[in-house]
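Here's the structure we're looking at; comments come further down.
Chain letters run A, B, ... following the sequence lines, proteins first and then strands; every chain starts at 1.
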Amino acid sequence: MENNLTKTYNPKEFEERIYHKWEENGCFRAVVDYSKKPFTIVMPPPNITGQLHMGHALDQTLQDVLTRWKRMQGFNALWLPGSDHASIATEVKVAEKIKNDEGKTKEELGREEFLKRAWEWKETYGGRITEQIRKLGNSCDWERERFTMDEGCSKAVTEVFVRLYEKGLIYRGNRLINWCPSCETSLSDIEVEHEDKSGKYYYIKYPLIDAPDEFICIATTRPETMFGDTAVAVHPDDKRYQHLIGRKVLLPIADREIEIIADEYPDMEKGTGAVKITPAHDPNDFIVGERHNLEKVICMNENATMNKNAGKYEGMDRYACRKLLVKELEEKGYLVKIEETTHSVGACYRCDTVIEPMLSDQWFVKMEELAKPAIEVAKDGRLQHVPERFGKIYLHWLENIKDWCISRQLWWGHRIPAYYCEDCGEIIVSRSTPERCTKCASSKLKQDEDVLDTWFSSGLWPFSTLGWPEETEDLKYFYPTDVLVTGYDIIFFWVIRMVFSGLEQMGDVPFKYVYVHGLVRDEEGRKMSKSLGNGVDPLEIIGQYGADALRFMLMTGITPGNDVRFKTDKLESSRNFANKLWNASRFVLMNIQGDLISEEKAEKMYLDEDKWILSRINSVIQEVTTNMDKFELGMAAQKTYDFIWSEYCDWYIEMVKSRLYGEDEADKDVARYVLIKVLKDMLKLLHPFMPFITEEIWSHLPETDVMLIKESWPEYNQAMDYSREEEKIELIMDVIRAIRNIRAEAETPPSKKLNLVIMAQGKERDHISKGERYIKALANILEISIVQDKKEIPEDAMSSVIRNVEIFITLDELVDFNAEVERLEKERDKLQKEIERVDKKLSNEGFISKAPQSVVDEEKDKRIKYQEMLEKVTERLEIIKRKIG
RNA sequence: GGGCGCAUAGCUCAGCUGGGAGAGCACUUGCCUUACAAGCAAGGGGUCAUAGGUUCAAGUCCUAUUGCGCCCACCA
């Protein structure tokens, strides 16, 4: 047993040491063991693009709290860590770095060399991230660390691709996709962020071929796409245009003939009711084009410059073209008018460039069939969202799902396992590189240049990390995982993909619960972002306040699904709490020299306050466990905090001091026993939230050979339920509070010892006499006399009523009776008000007959209690009033 | 256009299945009391957004309204 805690909590002294100790002792390791139930969480793999931010700290702390808690509960807890290659995001970063360092573009460098640099990047930043995860205290099984592009995960990706292709669920198609002209790749629908922006409506005349003086007027926000127009559509019911259907117009500038067609698509109320149809550059127009078999004319290049179909505008950027084209249209009399408008514009989620809908050959996943089982599991409860409302969002999205474009024109990622025969054009999708074309036997095969959407591999994470497609023991034992913890911002990107992938490949949900948390916002409530520069670095905070304080700050006062605000205040208060616990532990350690007595021996000698604190921690254990079961982690942390500070420190330690400093050795032994016992339970309850400080204190306590991380979670113990006796100590506490109150109001220095007279009968008298020494110590009282006769009440005293107990404090100086009257009158008024309120309730027929008996009885008891108190206060008032005339 | 969330003390937020309003910080007063000034003790401060409804009883459930925020959607 050691007792060398420093005076102030200093996390730097032990956090790193303790983490090493855990790791060295394999505390985070989880291996298949059928004697225990598994509890599995796979870590949402952080992107290797940079370093951890506060969002990660929140996300991971939640997971670590759950993991540590379940581990203590006896589960075989596996928290599997890893990182994500983050295809597009990393590629952009690496390209930037190459540009800065070497002044080269990635094309100049070449694919192979570029990938080499990307792997170097991964080594550097991946390593940095794992170090950060360690600093947070996270108890993940490092021996199982994975990367979305490691051999196993890559194998899983190929396997899934091939399987889906063979089932006809992956297809290659020439469709309209979202194109980022800056990243020069396609994007899936959810990778496009829409924002309302102000723009202009351009009304343009398209003259009729057979009647050049007549024209049809269309409205568009993107005139430059007119080079891709292949029709003008009007609604079949639109009377204005009936006579024009089937006739042809001249596409101005482009000098091409296009037909006016009838289609349900145009809205007669909007614009002119006539719409230019550009199937290669607008998703709606694409559909109309399909219906009418229209030609699809592409008028832009991949970098969003105009192509040869734009004639003299070829090579010009789309916006430059727009400007000049409008000018030309105006000059030539085609422009009718320009209106201001706001419309939704889509931008790339990585680089914020306005996306261009483009017609392109891409790979897609057919979603309808895959979505069905994913919908089912959410409906039948096999998959549950915490909080529930996210289940609705999940369902709504799945029920309206569209095919998923999975090919990306990038280099960093899983290359698509499709090969094209240069002789016959056959497409071969294969697990390994084929040697010959399966159709014409040609050996001239070329692999698809594209890579897969990064979320394709993330979607397989819960089983690819456990060894799939091999049928590993791990997979059998740990899958399905238990909880997925993630932010609401990636439900669509990630959660849904994992669910349908898991159901399709594994035949079971990838996890039973989805715990959804919010974002970490800055002190002003703004989203933390790089562009605002308002991000807070978790490592800096850990350096300043310690990992435990950061973790606790993130865990308290939060509710699932809601955003958390980063507050320095809250951080300080968490750090102060750690310090409080630290010092309480120091106090305990200073007072427990020697061996502890046995439980049997202690049990026989418990005093009231021992029973009280034991009973209280027992209740707290029960409540906190219930909260944890319901994912109410913030509430669990709060209750633990309150108990430690307001009950153990503020009351129990203070009460026990008089015993520890007293003469009775047996009494001391019991106090020591209880102090340690309760402290140990507190440390256990707090450990998931503050693992470092609790483990450090634990190591100094007697009889702690097993590390706290391996200890079992405390359980409710019927034998420790002294709740019926709690009122004994609560009465003492009330008396002490009342004395302190009087003292403060009388402005008596706390150092001044006072004499106290208490009038009490029956069991209260008994309780108080047992608690005399605490009253003396905690309220700084010199002498207490407990009386039963009114005659013994000192005349010159201040008084207060607690239940049916009256206390009187005699002061050396004369009591200011006028002030005393005022004080008592306030007390009386308050009691009268209470009685009135209770009477109103009790006189309500409905209340008496319909409210539960226990509630009614409670009110009746109150009525009696208040009445008694009121009588006493009134009587006292009369005496004083008489006295001062 | 559809959906969701929030509105509680000066600030930031808790408040689970309805039964006398809470915490942290800030504020006032007094204390360096032998674990802790990163502390101790005592206090002030709230018609729980508004209006209805259900109920014996509503911060809590229902409806509507207002304000703020978010998500989804093919508004040419």
Requested in this report: May I ask you to verify if any side-chain N or O of A:Arg565 is less than 4.0 angstrom from the OP1 or OP2 atom of B:C13?
Outcome: yes
Report summary line: Regarding the side chain of A:Asn583, the nearest nucleotide among B:G19, B:A42, B:A35 is B:A35
Query raised in the report: Which whole number of Å gives the distance between the P atom of B:U60 and that of B:G53?
Result: 14 Å
Report task. Pick the P atom in B:C40 and in B:A23, then give their distance to the nearest Å. Result -> 14 Å
Query raised in the report: So what's B:A73 paired with, Watson-Crick or G-U wobble, going by both distances under 3.5 Å?
Result: none
Query raised in the report: Quantified in whole Å, what is the C1' atom distance between nucleotide B:C71 and nucleotide B:C62?
Result: 25 Å
Report task. Give a yes or no on whether a donor-acceptor pair under 3.5 Å exists between the nucleobase atoms of B:A35, that is its base, and the side chain of A:Glu654. Result -> yes
Query raised in the report: What integer distance in Å separates A:Glu193:CD from B:A73:C1'?
Result: 16 Å
Query raised in the report: Roughly how far apart, to the nearest Å, are B:G10 and B:U28 at atom P?
Result: 16 Å
Query - Phosphate-side-chain proximity, A:Trp645 and B:C40, N/O vs OP1/OP2 below 4.0 Å - result: yes
Query raised in the report: B:C13 C1' sits how many Å from A:Met635 CE, rounded?
Result: 11 Å
Query raised in the report: So does A:Lys7 get a side-chain nitrogen or oxygen closer than 4.0 Å to the phosphate oxygens (OP1/OP2) of B:C36?
Result: yes
Query raised in the report: Would you say the base of B:A42 and the side-chain of A:Arg740 have a donor-acceptor pair closer than 3.5 Å?
Result: no
Query raised in the report: Paired with B:A14: which nucleotide, if any, by Watson-Crick or G-U wobble criteria at under 3.5 Å for both distances?
Result: none
Requested in this report: Identify the residue among A:Lys276, A:Glu356, A:Arg318 that makes a side-chain hydrogen bond (donor to acceptor under 3.5 Å, both in side chains) with A:Thr225.
Outcome: A:Lys276
**Report entry** Interatomic distance where NZ belongs to A:Lys200 and P belongs to B:C75 [whole Å]
**Finding:** 21 Å
Report task. Report yes or no: do A:Tyr349 and A:Glu191 form a side-chain donor-acceptor pair below 3.5 Å? Result -> yes
**Report entry** Under 4.0 angstrom between A:Asn10 side-chain N/O and B:A38 OP1 or OP2
**Finding:** no
Query raised in the report: Counting only side-chain N and O atoms of A:Lys657, is one of them less than 4.0 Å from OP1 or OP2 of B:A35?
Result: yes
Requested in this report: Tell me the partner of B:C36, counting only Watson-Crick (N1-N3 plus N6-O4 or O6-N4) or G-U wobble (N1-O2 and O6-N3) with both under 3.5 Å; none if nothing fits.
Outcome: none
Report task. Report the base-pairing partner of B:U65 (Watson-Crick or G-U wobble, both distances below 3.5 angstrom), or none. Result -> B:A49
Query raised in the report: To the nearest angstrom, how far is A:Phe552 atom CZ from B:C13 atom C1'?
Result: 14 Å
Report task. Compare side-chain N and O positions of A:Lys580 against OP1 and OP2 of B:C40 and report whether any pair is under 4.0 Å apart. Result -> yes
Query - Nearest-nucleotide comparison on RNA chain B, the residue closer to the 5′ end among A:Val838 and A:Arg222 - result: A:Val838
Report task. Return the value, rounded to whole Å, for the distance between atom CZ of A:Phe492 and atom P of B:G3. Result -> 15 Å
Query raised in the report: Does a nitrogen or oxygen in the side chain of A:Lys402 sit under 4.0 Å from OP1 or OP2 of B:C74?
Result: yes
Query - N/O (side chain, A:Tyr661) to phosphate O (OP1/OP2, B:A35) under 4.0 Å - result: yes
Query raised in the report: Expressed as a whole number of Å, how far does the P atom of B:A21 sit from that of B:G46?
Result: 14 Å
Requested in this report: Please state whether the phosphate of B:G39, meaning OP1 or OP2, lies under 4.0 angstrom from any side-chain nitrogen or oxygen of A:Asn579.
Outcome: no
**Report entry** Side-chain N,O (A:Tyr201) to OP1/OP2 (B:A76) below 4.0 Å
**Finding:** yes
Query - Strand partner of B:G43, provided both Watson-Crick or wobble distances fall under 3.5 Å - result: B:C27
Query - Residue that, paired with A:Leu679, satisfies side chain to side chain contact (heavy atoms under 4.5 Å, CB included) out of A:Val588, A:Leu589, A:Ile644 - result: A:Val588
Query raised in the report: If you draw the axis of the six-membered ring of A:Tyr652, does the NZ or CZ of A:Lys657 fall within 45° of it and under 6.0 Å from the ring centre?
Result: no
Report task. Answer yes or no: does a side-chain N or O of A:Thr559 lie under 4.0 Å from OP1 or OP2 of B:A14? Result -> yes
Report task. Kindly say if A:Asn591 contacts the phosphate of B:A35, meaning a side-chain N or O under 4.0 Å from OP1 or OP2. Result -> no
Query raised in the report: Looking across every strand, which nucleic acid part, if any, lies under 4.0 Å from A:Ile653 by heavy atom: base, sugar-phosphate, or nothing?
Result: base
Query - Among B:A76, B:A14, B:G39, the one nearest A:Asn576 by side-chain distance - result: B:G39
Requested in this report: State the pairing partner of B:U60; accept Watson-Crick or G-U wobble contacts with both distances under 3.5 Å, and report none otherwise.
Outcome: none
Report task. Identify which nucleotide among B:G39, B:C74, B:C72 has an atom closest to any side-chain atom of A:Asn284, counting heavy atoms from C-beta outward. Result -> B:C74
Query raised in the report: For the residue pair A:Trp397 and A:Phe492, does the interplanar ring angle fall in the parallel (under 30°), tilted (30 to 60°) or perpendicular (over 60°) class?
Result: parallel
**Report entry** Cation-pi check, A:Lys205 onto A:Tyr334 ring (under 6.0 Å, within 45° of axis)
**Finding:** no
